[in-house]
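These numbers come from a predicted model, not from an experiment. Indexing begins at 1, ligand by ligand and atom by atom, following the structure's order. Here, residue 1 is the first one in the sequence, and each next residue gets the next number.
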Amino acid sequence: MRSFFVTGTDTGAGKTALTAILGAAARAAGIDAVPMKPVQTGVPGGRRPSGDLRIAAAAAGWSPAPGETDLASPYRFARPCSPHRSAALAGHVISFRTILRSFRALRARHDAVIVEGAGGVWVPVAGRRTMLDLMQALRLPVLVAARPGLGTLNHTMLTCGAIRSRGLELAGVVMIQAGPERWTALMQDNLETLRRFGVPVLGRLPHLPDFARQPRRACLRALRHPQTRWIAPLLRA
Ligand SMILES: Nc1ncnc2c1ncn2[C@@H]1O[C@H](COP(=O)(O)OP(=O)(O)OP(=O)(O)O)[C@@H](O)[C@H]1O
Ligand SMILES: [Mg+2]
């Protein structure tokens, strides 16, 4: 399995859910894939995984060895805002070199690393460098978490255009059903319209009941769902 960078069309689009199910699927298939969240805001520091890393690690059934939490989550800041501001408020500047070093160290110890960005592609990380620059520095194929409903056509096409404009590999888009609403005709039309415009929509991630409280159970259950068949080829690529 290759390593991936998981971005989204916006904050709250479903990046963590996508990272979680991919990790759960990989480890269920015997692949030692681990999540990484290079910049996490809105959390306390500490030795134990917190925020998105805690959820994705729990979903995968991965307990970081001593020191691995700092590799998987090198920057954690308390203020819940854009990485550049959250870091500045804590008196830090985020270094790409530190993130790359952490990624490589983690990659050397495991089969694959699933890196979750923060917010969307144009989110500033340090100075004028953005999440897109980080994707470029890591040189990973990119997965995009997108919303299925109204507004997603514009957001998803803008996001995919930005990724492609940097020469990055767009591994695919997944439409995430964060809420329990049913899949509507509008959502289906959005999926088909995106494909007609050349966006590689892999499929959808259905709503996972109880995902927030029991991520592993929710993900393992969802892997039996026919709607998650798009995951298996990602593990083999
Ligand atoms: N398939 C799903 N089933 C159930 N809940 C979901 C699903 N996808 C997302 N959610 C919920 O929707 C919310 C937003 O999703 P998520 O945290 O994955 O977004 P994100 O893009 O990672 O956000 P951030 O920018 O904060 O990292 C969370 O409360 C999450 O638990
Ligand atoms: Mg997240």
Side-chain angles (χ1 to χ4, degrees), residues 4-25 34-43 49-60 72-87 94 113-125 130-132 134-135 142-149 151-152 155-156 158-159 163 172-184 187 191 201-231:
F4 289 98
F5 192 102
V6 176
T7 188
T9 52
D10 197 358
T11 186
K15 297 182 297 293
T16 302
L18 181 52
T19 305
I21 193 134
L22 206 51
V34 297
M36 176 179 184
K37 177 85 181 184
V39 188
Q40 171 77 66
T41 65
V43 294
S50 54
D52 292 348
L53 183 72
R54 184 189 62 74
I55 297 169
S73 187
Y75 289 108
R76 278 167 280 169
F77 302 114
R79 298 290 276 272
C81 43
S82 169
H84 76 286
R85 180 164 167 76
S86 201
I94 295 167
V113 181
I114 308 161
V115 183
E116 181 188 339
V121 292
W122 277 110
V123 162
V125 179
T130 65
M131 276 293 153
L132 265 180
L134 182 59
M135 290 173 212
V142 181
L143 289 166
V144 178
R147 294 195 172 93
T152 203
H155 280 127
T156 305
L158 280 169
T159 298
I163 292 165
V173 171
V174 181
M175 303 187 83
I176 316 275
Q177 279 182 278
E181 320 77 44
R182 62 186 182 85
W183 185 257
T184 63
M187 294 173 182
L191 186 153
V201 182
L202 301 178
R204 43 197 260 221
L205 179 60
H207 178 68
L208 313 175
D210 225 16
F211 172 68
R213 282 199 310 132
Q214 299 201 309
R216 182 158 174 76
R217 220 162 143 210
C219 286
L220 291 177
R221 204 184 304 129
L223 288 174
R224 296 198 293 268
H225 200 292
Q227 291 298 347
T228 59
R229 280 202 197 119
W230 50 269
I231 296 175

_2.8 Å shell around the Mg ion (ligand 2), exclusive bound, protein N/O/S atoms_ = 3
Do [X] and [Y] make a side-chain contact, defined as non-hydrogen atoms from C-beta onward lying under 4.5 Å apart?
{"X": "Arg147", "Y": "His155", "result": "no"}
{"X": "His84", "Y": "Val125", "result": "no"}
{"X": "Phe5", "Y": "Leu143", "result": "no"}
{"X": "Trp122", "Y": "Leu158", "result": "no"}
{"X": "Phe211", "Y": "Ile21", "result": "no"}
{"X": "Pro124", "Y": "Arg85", "result": "no"}
{"X": "Leu205", "Y": "Thr228", "result": "yes"}
{"X": "Tyr75", "Y": "Pro83", "result": "no"}

Could you find the nearest protein heavy atom to [atom] and give me its residue, atom name and distance?
{"atom": "atom 16 (P) of ligand 1", "result": "Gly14 CA, 3.7 Å"}
{"atom": "atom 11 (C) of ligand 1", "result": "Ala178 CB, 4.2 Å"}
{"atom": "atom 23 (O) of ligand 1", "result": "Gly12 N, 3.0 Å"}
{"atom": "atom 20 (P) of ligand 1", "result": "Lys15 N, 3.4 Å"}
{"atom": "atom 1 (N) of ligand 1", "result": "Pro206 O, 3.0 Å"}
{"atom": "atom 3 (N) of ligand 1", "result": "Leu208 N, 2.7 Å"}
{"atom": "atom 2 (C) of ligand 1", "result": "Gln177 O, 3.5 Å"}

_Which segment of Asp52 sits under 4.0 Å of ligand 1 when only heavy atoms are counted_ = side chain
*Report the part of Met175 (side chain from C-beta onward, or backbone N, CA, C, O) that has a heavy atom under 4.0 Å from ligand 1; answer both or neither where that applies.*
neither
If you compare all heavy atoms of [X] against all heavy atoms of [Y], which two are closest, and at what distance to 0.1 Å?
{"X": "Ala24", "Y": "Ala59", "answer": "CB-O, 3.4 Å"}
{"X": "Ala25", "Y": "Ile231", "answer": "CB-CG2, 3.5 Å"}
{"X": "Gly119", "Y": "Lys15", "answer": "O-NZ, 3.1 Å"}

Protein non-hydrogen atom below 4.0 angstrom of [atom] present:
{"atom": "atom 18 (O) of ligand 1", "value": "yes"}
{"atom": "atom 28 (C) of ligand 1", "value": "no"}
{"atom": "atom 13 (C) of ligand 1", "value": "no"}

*Checking Ser86 side chain against Thr41 main chain: does a donor-acceptor pair fall under 3.5 Å?*
no
*Heavy-atom donor-acceptor pair, Thr156 side chain to Thr152 backbone, under 3.5 Å*: yes
Any nitrogen or oxygen of [X] lying under 3.5 Å from a nitrogen or oxygen in ligand 1? Just yes or no.
{"X": "Gly117", "answer": "no"}
{"X": "Ile176", "answer": "no"}
{"X": "Ala13", "answer": "yes"}
{"X": "Ala212", "answer": "no"}

Looking at [X], which atoms of ligand 1 are within less than 4.0 Å of one of its heavy atoms?
{"X": "Glu116", "value": "22 (O), 27 (O)"}
{"X": "Thr11", "value": "24 (P), 25 (O), 26 (O)"}
{"X": "Phe211", "value": "4 (C), 31 (O)"}
{"X": "Lys37", "value": "27 (O)"}

*Have Ser73 and Arg76 got a donor and an acceptor in their side chains that come within less than 3.5 Å?*
yes
*Distance only, no hydrogens: is a donor on one side chain within 3.5 Å (strictly under) of an acceptor on the other, for Ser50 and Gln40?*
no
*Is atom CZ of Arg221 surrounded by more than 12 heavy atoms (other residues, nucleotides or ligands) closer than 6.0 Å?*
yes
